[in-house]
Amino acid sequence: HARVIVIGSGAIGCSALDHLTQLGRTMLASGQVKEAARTLKQATGLAGASADAFYWLGEAHLGMEKPLLAMESLREALGRSPDRRGDVSYAYGRAMLGAGRAKEAAEELRRARKLLPDAPEVERDLGYALHRLRNYQDAARSLRAYLAASPDAADAGEVRALVEKLSAG
């Protein structure tokens, strides 16, 4: 039997898996990260769990600063996706960066950059990964590209300071 979720004035019929995934996404968007993780964990435990459910569980783990758990969920999401998804690839790169795996993070973030050319935050995080690898020239290049695309970003001052430090040598 399909459940019906009423959103605004429209209704969407969906399975229990879809319902749990959507509920988890909504919780995550409203800052209920731990509750979202619990709900999405339920969704991923159901038969036929989708790449989407694993992706959002990975995002919840990132929100809880648990990069190793995020990597596990996001690896599963990548394996369940017929095509490489930019959002999953970007989240996986962020998880690897958070887990201290800068080399693998840089590789994944480069993939994400190709898949998400209009997402400047990918460039920023690639810059951070390259910085950790002591590839200062390429790090500064990525961070400058981020600032060019997002000059008024909330973290622009912090990123500018790092670029200045890298440029000073």
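What you are looking at is a predicted structure, and each value in this text was computed from that prediction instead of being measured.
Leu68 and Leu97 fall into different hydrophobic clusters, where Ile, Leu, Val, Met, Phe, Trp and Tyr side chains are chained together by heavy-atom contacts under 4.5 Å. When hydrophobic clusters are built by joining Ile, Leu, Val, Met, Phe, Trp and Tyr residues whose side-chain heavy atoms come closer than 4.5 Å, directly or via intermediates, Leu78 is grouped together with Leu74.
A salt bridge links Arg94 to Glu59: at least one charged side-chain nitrogen sits closer than 4.0 Å to a carboxylate oxygen. No salt bridge links Glu164 with Arg160; every basic N to acidic carboxylate O contact stays at or beyond 4.0 Å. For the pair Arg111 and Glu108, the salt-bridge criterion is met [side-chain N within less than 4.0 Å of a carboxylate O]. We find that Asp52 and Arg85 are joined by a salt bridge, their nearest charged nitrogen and carboxylate oxygen being less than 4.0 Å apart.
How far CG of Leu28 is from CG of Leu40: 7.0 Å, rounded to the nearest 0.5 Å.
You'll find the side chain of Ser73 reaches within 4.5 Å of the side chain of His61, heavy atoms only. Annotation: side chain of Leu162 is not in contact with side chain of Val159 (no heavy-atom distance under 4.5 Å). Looking at Leu130 and Arg110, their side chains come closer than 4.5 Å, going by heavy atoms from C-beta outward. Contact of the Lys41 side chain with the Arg38 side chain is not registered, since no non-hydrogen atoms from C-beta on lie closer than 4.5 Å. In this structure, the side chains of Lys103 and Arg132 stay at 4.5 Å or more apart for every pair of heavy atoms. No side-chain heavy atom of Tyr90 sits under 4.5 Å from any side-chain heavy atom of Leu115.
Shown here for Gly58 and Ala70, the closest heavy-atom pair between the two residues is O-CB, 3.5 Å.
Listed for the Ser50 side chain is a donor-acceptor partner under 3.5 Å among the backbone atoms of Ala53. Looking only at distances, no side-chain donor or acceptor of Ser142 sits under 3.5 Å from a matching main-chain atom of Ala139.
Side chain to side chain, Tyr146 and Asp155 meet the donor-acceptor criterion of an N or O pair below 3.5 Å. Side-chain N/O atoms of Ser167 and Arg144 include a donor and acceptor closer than 3.5 Å.
Both tests do not hold together for Arg75 against Tyr92: distance to the six-membered ring centre under 6.0 Å, angle to the ring axis within 45°.
For CZ of Arg101, the number of neighbouring non-hydrogen atoms (other residues, nucleotides, ligands) closer than 6.0 Å is 12 at most.
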